[in-house]
Amino acid sequence: MLKIGEFSFQSRLLLGTGKFHDYDVQKQAVAVSEAEILTFAVRRMNIFEAHQPDLLDKLDVTKYTLLPNTAGAKTAEEAVRIAKLAKASGLCDMVKVEVIGDDKTLLPDPFETFEACRILLAEGFTVLPYISDDVVLAKRLEELGVHAVMPAAAPIGSGRGIVNPLNLRFIIEQAKVPVIVDAGIGSPADAAFAMELGADGVLLNTAVSGANDPIMMAHAMKLAVEAGRMGYEAGRIPKKRYAAASSPLEGMITGE
Ligand SMILES: CC(=O)[C@@H](O)[C@H](O)COP(=O)(O)O
């Protein structure tokens with residue numbers, strides 16, 4: 001069970017709704033993923049600007065928890081404004097805080113992200129900041145009171161997978177709130193690896209929407225997240241330098 005603030009979920013896979021070429025494919029991909037949390041960029045929606053499309057048009061939104069995100073914000077003030085607009089539109093008051101600090105890498109601005117989180121927490125939002133895999137920032141945000149942290153595996157849309165597993169592991173080990181690995185996941189193996197590291201969930205978009213078969217990939221991601229989690233809970237064997245026989249002659253049950 002994934003618990004974020006007051007909310008509880010069976011699924012540990014969070015899905016982005018953008019960049020699908022076809023809304024029917026998006027709908028089917030969302031369904032087979034069995035994701036319960038869907039995120040979308042408020043600024044790309046017609047609630048923000050009338051000419052924008054409705055990314056959720058084909059989806060039965062009553063079946064999901066909608067996680068508005070503040071993509072497109074470059075300052076704390078913009079992120080707060082977007083979050084408030086989403087809330088005023090009757091959407092969930094859980095918000096993914098995304099404040100981009102660099103246009104080329106789309107990496108988040110830690111200072112503006114922190115400030116946006118401070119303001120939104122004071123206003124009663126359930127706050128999930130998207131951050132780099134910065135161990136100290138994750139800690140500071142937790143102390144501030146955020147409800148989850150969302151460190152990037154790699155830059156958004158890069159599909160590079162987990163570039164710094166050690167940092168993610170440090171973030172996970174110290175965390176007292178859920179850690180959801182967000183952005184840069186390229187394949188089911190990446191998603192399973194994040195879960196095996198001990199992440200509480202994975203958020204991804206491009207790996208599914210950009211796949212040759214987004215519906216099959218959504219299914220694969222669901223299985224990968226479940227398998228990774230089970231592997232983590234089961235406890236993997238330690239890595240050894242040398243071989244250890246699979247059928248040793250001594251020290252095992254003999255049947256006598
Ligand atoms: C949809 C969303 O919130 C993205 O900003 C998110 O970070 C996913 O990134 P990928 O597209 O790399 O999975």
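Start at 1 and go down the list; that is how both ligands and their atoms are numbered. Residue numbers start at 1 and run along the sequence shown. As a basis for the values below, the full set of heavy atoms in this structure was taken, side chains included, without hydrogen atoms, waters or symmetry mates.
The proximity of T206 to ligand 1, defined as any non-hydrogen pair under 4.0 Å, involves the side chain as well as the backbone.
At under 3.5 Å, a nitrogen or oxygen of N205, whether backbone or side chain, sits near a nitrogen or oxygen of ligand 1. Checked by distance only, ligand 1 and K96 come closer than 3.5 Å through their nitrogen or oxygen atoms. Checked by distance only, ligand 1 and G184 come closer than 3.5 Å through their nitrogen or oxygen atoms. The shortest N or O to N or O distance between K19 and ligand 1 is not below 3.5 Å. Considering backbone and side-chain N/O atoms, G157 comes within less than 3.5 Å of an N/O atom of ligand 1.
Distance from atom 9 (O) of ligand 1 to its nearest protein heavy atom, with residue and atom name: A183 CA, 3.4 Å. For atom 5 (O) of ligand 1, the closest non-hydrogen atom of the protein is E98 OE1, 3.3 Å.
Contact atoms of ligand 1 toward L204: 13 (O) (distance under 4.0 Å to a heavy atom of the residue). Listed by number with element, the atoms of ligand 1 under 4.0 Å from a non-hydrogen atom of D182 are 6 (C), 7 (O), 8 (C). Near I156, the atoms of ligand 1 lying under 4.0 angstrom from a non-hydrogen atom of the residue are 5 (O), 7 (O), 9 (O), 12 (O). Near N69, with a cut-off below 4.0 Å to any heavy atom, the atoms of ligand 1 are 3 (O). The atoms of ligand 1 that sit less than 4.0 Å from any heavy atom of T39 are 1 (C), 3 (O).
A distance-only check finds a donor-acceptor pair linking the side chain of D200 to the backbone of V179 [under 3.5 Å]. Here the side chain of D182 pairs no donor or acceptor atom with the backbone of Y130 at under 3.5 angstrom. No donor-acceptor pair closer than 3.5 Å links the side chain of H147 to the backbone N or O of L128. The main-chain N or O of V97 is never found under 3.5 Å from a side-chain atom of T70 such that the two would form a donor-acceptor pair. R12 places a side-chain N or O within donor-acceptor distance of the main-chain N or O of M1, the cut-off being under 3.5 Å. Here the side chain of E98 pairs no donor or acceptor atom with the backbone of N69 at under 3.5 angstrom.
Within 6.0 Å of CD on E143 lie more than 12 heavy atoms contributed by other residues, nucleotides or ligands. For R160, the CZ atom is loosely surrounded, since the number of other residues' heavy atoms within 6.0 Å does not exceed 12.
Among V95, V99, V80, V146, the single residue meeting the side-chain contact (heavy atoms from CB on, under 4.5 Å) criterion with C117 is V146.
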